[in-house]
Amino acid sequence: MTQKGLSDFFSKYMGTSSVFKNKAVLQSAHTPDTILHRDKEITAIASILAPSLRLDKPSNIFIYGKAGCGKTLSARHVTKEIEKHAVNNNINLRVLYINCKLKKIADTEYRLIAQLSREYGKAIPPTGLPTDEVYKTFHNAVDSSKGINIIILDEVDELVKKVGDEILYNLTRINDELKNSKISLIGISNDMVFLEALDPRVRSSLSEEEIMFAPYNALQLQDILIQRAKEAFKEGSIQAGVIEKCAAYAAREHGDARRCMELLRVAGEIAERNNFDKVAIEHIDSADEKIERDRLMVILTTQPKQSQATLYSIVSISIGNKGNIFTGDVYELYKGICTRIGLRPLTQRRVSDIIAELDMLGIINVKVISKGRYGRTREISLSVPGTATPRIKRILEDALSL
DNA sequence: GTCAATTCACATGAAAGAGACCACGGTCTAGTG
DNA sequence: CTAGACCGTGGTCTCTTTCATGTGAATTGACGA
């Protein structure tokens with residue numbers, strides 16, 4: 001594009017009307033004023049937390065349910081309201097929200113406690129201090145707050161998976177040592193079976209109350225979408241049937257409202273970019289494709305070299321043969337690739353873990369099978385359609401500069 | 001033919017090491033009055 | 001005398017290796033019908 005062309009482009013862009021009124025409404029960070037189809041759950045959380053307004057320690061709550069079914073939203077909504085009430089009535093109540101999945105912020109014991117302490121205004125260095133020192137700081141900070149402290153641990157399962165359940169035990173036990181304050185925990189997890197894997201002592205104290213969030217069905221998703229779309233889009237900029245299709249797509253994927261809204265947002269962006277004044281049904285299809293493509297691209301390019309090399313060898317083998325792929329084959333080829341690009345090959349033990357990680361990311365499918373006399377191994381298959389494999393291979397070749 | 005033992009090729013767990021990053025306190029050094 | 005540079009120690013964190021143990025069905029081989 002020439003510079004003149006660029007200027008034309010921008011003025012034309014300014015001239016075209018957007019289909020959006022307020023795109024932020026469709027972003028996952030947005031909190032709507034009213035939460036649809038979660039009345040029962042919200043009331044349940046509220047009634048459990050209510051004693052805190054009388055300075056009694058409310059029970060710990062464990063909330064679980066699939067992704068994008070309103071767990072975090074509901075918990076934050078209730079705690080925000082309760083905080084408001086506390087302020088109005090001069091009650092010393094504090095709500096801390098921590099997302100345990102956030103890398104470099106709260107994904108280890110040290111970081112979580114440090115982050116919590118920071119919420120109380122204590123400066124904690126990112127590393128270098130002994131963990132019990134940080135615990136002490138946190139303990140003092142909480143105790144001097146003299147009130148009820150509700151700590152929301154979002155995606156606790158991720159934390160526990162990484163560092164074990166000891167941290168939860170420590171947190172629940174802190175109450176015994178606090179003189180002036182009390183801590184209540186709200187654990188939020190996507191993982192349904194997470195609780196069963198916990199130490200029984202931790203389990204019983206963390207889940208004094210349990211609340212299950214069922215996934216939204218297609219109709220509920222429609223309601224939610226209509227509510228958001230009203231705010232997000234200009235009137236009349238959505239074709240009939242778009243919302244329904246969007247909801248149906250997401251309902252198929254475990255009723256994930258977050259994904260549903262992303263779908264609608266991206267569809268809107270696609271419509272806009274192609275100078276449509278309405279979001280049409282076919283834009284949903286393109287959006288679905290684009291989201292999937294982008295997700296894959298991000299995963300592929302952000303993986304460490306070792307994972308990329310492992311995946312590359314899996315992809316290479318899968319292109320050649322239609323049969324099954326086993327760990328041993330992958331490792332052999334992987335070693336070859338490593339020497340070719342000057343990478344120090346890892347041990348098979350580690351590569352085995354990397355394969356499991358790739359499975360978790362959803363790029364490959366892995367099944368542990370026993371071939372009888374011929375040993376036990378992982379049967380690996382790509383979980384992306386065969387038509388996409390050459391593209392993946394090219395991306396990885398680029399990334400590895402092969 | 002039947003049944004238990006064996007065997008393979010990894011899976012899976014636990015522990016520990018390497019190297020990067022960081023805080024903190026003590027020591028050294030150069031600049032200043 | 002003092003501020004800043006520079007070390008050594010001790011801590012976390014991530015990625016990895018090493019060592020050890022587990023696993024499930026095909027295969028094998030002894031046994032009896």
Side-chain angles (χ1 to χ4, degrees), chain A residues 98-118 121-141 155-168 170-171 191 193-194 196-199 299 301-314 317 321 323-339 341-361 364-381 399-400:
Chain A
I98 298 272
N99 188 332
C100 305
K101 202 182 170 182
L102 289 180
K103 287 256 154 74
K104 310 273 174 193
I105 293 185
D107 57 344
T108 67
E109 179 165 21
Y110 179 95
R111 285 177 182 158
L112 176 68
I113 304 301
Q115 187 59 31
L116 286 171
S117 307
R118 284 191 202 108
K122 304 280 175 191
I124 307 276
T127 166
L129 254 48
T131 308
D132 50 336
E133 195 72 26
V134 187
Y135 259 108
K136 238 177 265 167
T137 313
F138 173 63
H139 182 277
N140 292 339
E155 317 212 35
V156 255
D157 49 325
E158 297 284 335
L159 179 69
V160 171
K161 228 177 272 167
K162 245 189 98 181
V163 297
D165 51 11
E166 210 168 303
I167 179 167
L168 292 179
N170 291 340
L171 271 178
D191 188 350
V193 292
F194 163 68
E196 286 162 33
L198 285 182
D199 186 303
I299 291 177
T301 49
T302 55
Q303 284 303 300
K305 282 263 184 301
Q306 300 287 4
S307 304
Q308 287 176 341
T310 310
L311 186 59
Y312 181 75
S313 69
I314 294 172
I317 296 175
N321 74 358
N324 299 324
I325 308 171
F326 303 113
T327 306
D329 310 337
V330 173
Y331 186 64
E332 280 310 307
L333 185 56
Y334 158 84
K335 275 196 294 192
I337 290 165
C338 279
T339 44
I341 62 173
L343 205 61
R344 196 174 55 85
L346 301 175
T347 51
Q348 179 155 326
R349 175 72 187 81
R350 178 64 190 132
V351 172
S352 173
D353 277 349
I354 288 177
I355 291 173
E357 284 162 20
L358 291 173
D359 179 36
M360 292 285 287
L361 286 171
I364 58 174
N365 270 316
V366 156
K367 207 167 74 190
V368 177
I369 56 155
S370 174
K371 294 189 289 174
R373 183 64 195 264
Y374 305 107
R376 224 165 106 86
T377 182
R378 284 196 170 97
E379 194 181 70
I380 305 164
S381 59
L400 294 168

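Protein chains get the first letters and strands the later ones, always in sequence-line order, with residue 1 at the start of each.
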Side chain of [X], heavy atoms from C-beta onward: which of [options] has the nearest atom to it?
{"X": "A:Tyr110", "options": "C:dG24, C:dC13, B:dT12", "answer": "C:dC13"}
{"X": "A:Arg376", "options": "B:dC10, C:dT17, C:dA26", "answer": "B:dC10"}
{"X": "A:Thr347", "options": "C:dC13, C:dT18, B:dA11", "answer": "C:dT18"}
{"X": "A:Arg349", "options": "B:dT7, B:dG13, B:dA11", "answer": "B:dG13"}
{"X": "A:Arg373", "options": "C:dT28, C:dT18, C:dT14", "answer": "C:dT28"}
{"X": "A:Tyr374", "options": "C:dA26, B:dA11, C:dT16", "answer": "C:dA26"}

Given [N], is OP1 or OP2 found less than 4.0 Å from the side-chain N or O atoms of [X]?
{"X": "A:Ser352", "N": "B:dA11", "value": "yes"}
{"X": "A:Thr108", "N": "C:dT12", "value": "no"}
{"X": "A:Arg344", "N": "C:dT16", "value": "no"}
{"X": "A:Arg111", "N": "B:dC22", "value": "no"}

Handout entry: N/O donor-acceptor pair under 3.5 Å between A:Thr310 side chain and A:Gln306 backbone
Key = yes
Euclidean distance, atom [atom1] of residue [X] to atom [atom2] of [N] [Å, nearest integer]:
{"X": "A:Glu133", "N": "C:dT12", "atom1": "CD", "atom2": "P", "result": "11 Å"}
{"X": "A:Lys371", "N": "C:dT27", "atom1": "NZ", "atom2": "C1'", "result": "15 Å"}
{"X": "A:Tyr135", "N": "C:dG11", "atom1": "OH", "atom2": "P", "result": "17 Å"}
{"X": "A:Arg350", "N": "B:dT12", "atom1": "CZ", "atom2": "P", "result": "14 Å"}
{"X": "A:Glu357", "N": "C:dT14", "atom1": "CD", "atom2": "C1'", "result": "12 Å"}
{"X": "A:Phe326", "N": "B:dC10", "atom1": "CZ", "atom2": "P", "result": "9 Å"}
{"X": "A:Glu379", "N": "B:dC10", "atom1": "CD", "atom2": "C1'", "result": "14 Å"}
{"X": "A:Asp107", "N": "C:dT12", "atom1": "CG", "atom2": "P", "result": "15 Å"}

Problem - Distance (rounded to the nearest 0.5 Å) between A:Gln308 CD and A:Leu343 CG - result: 10.0 Å
Exercise for the section: Could you tell me the separation between the NZ atom of A:Lys367 and the CG atom of A:Asp359, rounded to the nearest 0.5 Å? Expected result: 12.0 Å
Handout entry: Basic-acidic side-chain contact under 4.0 Å: A:Glu357, A:Arg350
Key = yes
Problem - Option among A:Val330, A:Leu311, A:Leu346 that satisfies the side chain to side chain contact (heavy atoms under 4.5 Å, CB included) test with A:Ile354 - result: A:Leu346
Practice task
Please work out if A:Asp329 contacts a base, only the sugar-phosphate, or nothing of the nucleic acid, heavy-atom cut-off 4.0 Å.
Solution key: nothing
Exercise for the section: For A:Gln348, answer base if it contacts any base atom (sugar-phosphate contacts may also be present), sugar-phosphate if it contacts only those atoms, and nothing otherwise; contact means non-hydrogen atoms under 4.0 Å. Expected result: sugar-phosphate
